[in-house]
Amino acid sequence: MIPGAHLPPLRAARALSARLCPSRHLYSDGSRNGGESPSDTVHINGDGVREGGEEVTGLDAGRFPREMLLRLPPPGGPPESDDDDGENFSPGHGPRRRFFEDVRLEADRIFRILLQDGPGFSARQALDEMRPKVSNALIREVLFRIVVSVDSVNRERYPKLAYKFFVWAGQQEGYRHNTSMYNVVMKVFAECGEVKAMWRLLEEMAEKGLPVSARTFHLLICSSGKVGLRRRLVERFIKLSTFRYRPFRNAFNAILHTLLTIEQYSLIEWVHEKMILEGHLPDILTYNIVMRAKYMLGKLDQFHRLLDEMGQNGFTPDLHTYNLLLHVLGKGDKPLAALNLLNYMSDVGCVPNVLHFTNLIDGLGRAGNLEACRYFFDEMVKKGCEPDVVSYTVMITSYVAAGEFEEAQRFFDDMLVRGQLPNVYTYNSMIGGLCTVGEFDKAFSMLKDMELHGCTPNFSVYSSLVSRLRNAGKDSQANNVIKYMTDKGHYLHLLSRFGGYKRC
DNA sequence: GTTCTTCCCA
């Protein structure tokens, strides 16, 4: 990728623009074949006026780059450092490995002891006699065993066992629980729906002066179903002097980030308002998160306002901002504006990578503009970005959604040729696509195929195949699929969802 | 015997 080597607005772009804005746009008539000075090319959507009263569904292309151009540093700014001299963790040999093997064995024994606890058997006493060497690793292993085996029958008993063990461990000589260990018990409580116990645990941490972490917050917020409770939690964490929010610069960003991972967009808005009210200044991360939330909530006006405000406050968009902008432009079916933005990014030293292209293509696919998807996919390859599984899957999914299965198939074949392994998402799309063209047998064999390639189908693959077969009146084939699934021992607990199916 | 989440796509 050579910065400054622009994506060509060529014929393809002209064709795309016809879809973008039929009435007025740069390349609409052959006579004005593109004044290509930057200031011209930003006027993709005419003069920045929104189209006739229509709800603007994408980024208003006339706005963003023009204003950004005024504020952004000149080309040749700091390039995005993409150094991934990743950490080389060795899987662990020798003593380290033995340590963990021993821990696992002890954890198994302790778990069995805990299960026997009850009238006539004191787990505490048995643990005292066993005298295991208490360490964080051991406690984590034991509690992990409890977490993964929680079910509807034991969900009342297990949290008590977990806490009993936790208390016992905390009383052992030379050992003290840290935040991380509290978080693990809290995870057990969360898994069992013991919300009150989780709050008590939080109190306990406070009493002991133990710091709480983003993980603590995450567990609690996920278990707090009511809006009021969630807000109370946020307020509490913001005020908490023991809130360890590193590596974030402030507690607000740590909270916002957590809320983003659990898709709590309205809460993000609320926290943001609170943050401003309390006089805390947002940084680029804050803007990126809040803008994403606004976009997800469909509040594009506010999205734009924030983008403007961000620039006014002297913040330069980073690669995350661009990702979001590209997705918005794609979803709003504004390929030309996207093209300009991509070129602009190269100019300012933020060279688009495979993620940027994929984000854009995903948006365009959702907008149904397959022509543009194709154009940017090709450009991505030309720019030296190797398409990965996700890029291919996005293309395949878009073609399938547009009812062009043959094209999807071509991309699927192509990815195999290029050595990209399809995964569950890819297969899911392809199987769905095969169903849409009535190739049910092929769909079923692809389902078996993915298993052979070490790719376990998820339940939604099965369920969508079954319902498509049934909708096509092919009940016996649908039953074959269900039988295949049960023979594999997959998702037996979800079998009832197929309704009416009897295992023979 | 240890920190653990910077935000980005299906």
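Naming: A, B, ... by sequence-line order, numbering from 1 per chain.
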Original post:
If you check every side-chain atom of A/T358, which of B/dT6, B/dT2, B/dC9 has the closest atom?
Top reply: B/dC9

Original post:
How would you list, by chain and number, every residue that makes a salt bridge (charged side-chain N to carboxylate O under 4.0 Å, His left out) with A/R236, sequence neighbours excluded?
Top reply: A/E203

Let me check something: any side-chain donor-acceptor pairs from residues 399-407 of chain A under 3.5 Å, sequence neighbours excluded? List them with distances.
from: A/E407; atom 1: OE1; to: A/R374; atom 2: NH1; distance (Å): 3.4
from: A/E407; atom 1: OE1; to: A/R410; atom 2: NH1; distance (Å): 3.3
from: A/E407; atom 1: OE2; to: A/R410; atom 2: NH1; distance (Å): 3.1

Compile the donor-acceptor pairs under 3.5 Å between side chains in residues 237-251 of chain A and protein atoms, sequence neighbours left out, one pair per line.
from: A/N250; atom 1: OD1; to: A/F252; atom 2: N; distance (Å): 3.2
from: A/N250; atom 1: OD1; to: A/N253; atom 2: N; distance (Å): 2.7

Subject >> Side-chain N or O of A/N136 closer than 4.0 Å to phosphate OP1/OP2 of B/dT2 >> reply: yes

**OP:** State which of B/dT3, B/dG1, B/dT6 makes the closest approach to the side chain of A/N178.
**Re:** B/dT3

Subject >> Residues from residues 420-437 of chain A lying under 4.0 Å of DNA chain B - heavy atoms >> reply: A/N423, A/Y425

Original post:
Using a cut-off of 4.0 Å on non-hydrogen atoms, how would the nucleic acid contact of A/R292 be classed: base, sugar-phosphate, or nothing?
Top reply: sugar-phosphate

Original post:
Does some side-chain heavy atom of A/T216 sit less than 4.5 Å from a side-chain heavy atom of A/T179?
Top reply: yes

Original post:
Given the side-chain rings of A/F165 and A/F111, with only the six-membered ring counted for Trp, is the space between their centroids under 6.0 Å?
Top reply: no

**OP:** Describe the nucleic acid contact of A/H218 in one word from base, sugar-phosphate, nothing, applying a heavy-atom distance below 4.0 Å.
**Re:** base

Subject >> Qualifying salt bridge (charged side-chain N to carboxylate O under 4.0 Å, His left out) pairs with a residue from residues 181-191 of chain A, counting only residues at least two apart or across chains >> reply: A/K187-A/E191

Original post:
Of the nucleotides B/dC4, B/dT2, B/dT5, which has the atom closest to the A/R215 side chain?
Top reply: B/dT5

Original post:
Near DNA chain B, which residues from residues 234-249 of chain A have a heavy atom under 4.0 Å away?
Top reply: A/R244, A/P247, A/F248

Original post:
What is the distance, rounded to the nearest whole Å, between atom CG of A/L219 and atom P of B/dT5?
Top reply: 11 Å

**OP:** Kindly state which residues belonging to residues 257-265 of chain A come within less than 4.0 angstrom of DNA chain B, counting heavy atoms of the residue only, listed by number.
**Re:** A/H257, A/L260

Original post:
Is the shortest distance from a Lys or Arg side-chain nitrogen in A/K274 or A/E278 to a carboxylate oxygen in the other one below 4.0 Å?
Top reply: yes

Subject >> Residue A/D318, side-chain heavy atoms: nucleotide from B/dC7, B/dT2, B/dC9 that is nearest >> reply: B/dC7

Original post:
Can you tell me how far C1' of B/dC9 sits from CG of A/L319, to the nearest Å?
Top reply: 13 Å

Original post:
Just how far, in rounded Å, is P of B/dC9 from OH of A/Y322?
Top reply: 18 Å

Original post:
Could you state the CD1-C1' distance from A/I255 to B/dT5, rounded to the nearest angstrom?
Top reply: 15 Å

**OP:** Output all residues satisfying salt bridge (charged side-chain N to carboxylate O under 4.0 Å, His left out) with A/R418, sequence neighbours left out; order by chain, then residue number.
**Re:** A/D414

**OP:** With sequence neighbours excluded, tell me which residues meet side-chain hydrogen bond (donor to acceptor under 3.5 Å, both in side chains) with A/K133.
**Re:** none

**OP:** Round to a whole Å and report the spacing from CG of A/L105 to P of B/dG1.
**Re:** 20 Å

Original post:
Could you give the NZ-to-P distance, from A/K133 to B/dG1, as a whole number of Å?
Top reply: 7 Å

Subject >> Nucleotide nearest A/N288 when distance is taken to its side chain, options B/dC7, B/dT3, B/dC9 >> reply: B/dC7

Original post:
B/dT3 P sits how many Å from A/M181 CE, rounded?
Top reply: 8 Å

Original post:
To the nearest Å, how far apart are A/N253 CG and B/dC7 C1'?
Top reply: 10 Å

Original post:
Nearest to the side chain of A/H320 - B/dT5, B/dC7, B/dG1?
Top reply: B/dC7

Subject >> All salt bridge (charged side-chain N to carboxylate O under 4.0 Å, His left out) counterparts of A/E273, not counting sequence neighbours >> reply: none

**OP:** Name the nucleic acid region contacted by A/V394, choosing base, sugar-phosphate or nothing; use a 4.0 angstrom heavy-atom cut-off, strictly under.
**Re:** sugar-phosphate

Original post:
For the rings on A/Y392 and A/F377, is their centre-to-centre separation under 6.0 Å?
Top reply: yes

Original post:
Does A/K164 have any salt bridge (charged side-chain N to carboxylate O under 4.0 Å, His left out) partners at least two apart in sequence or in another chain, and if so, which?
Top reply: A/D117

**OP:** Just grab all the salt bridge (charged side-chain N to carboxylate O under 4.0 Å, His left out) pairs involving residues 103-112 of chain A, residues at least two apart or on different chains.
**Re:** A/D108-A/R145

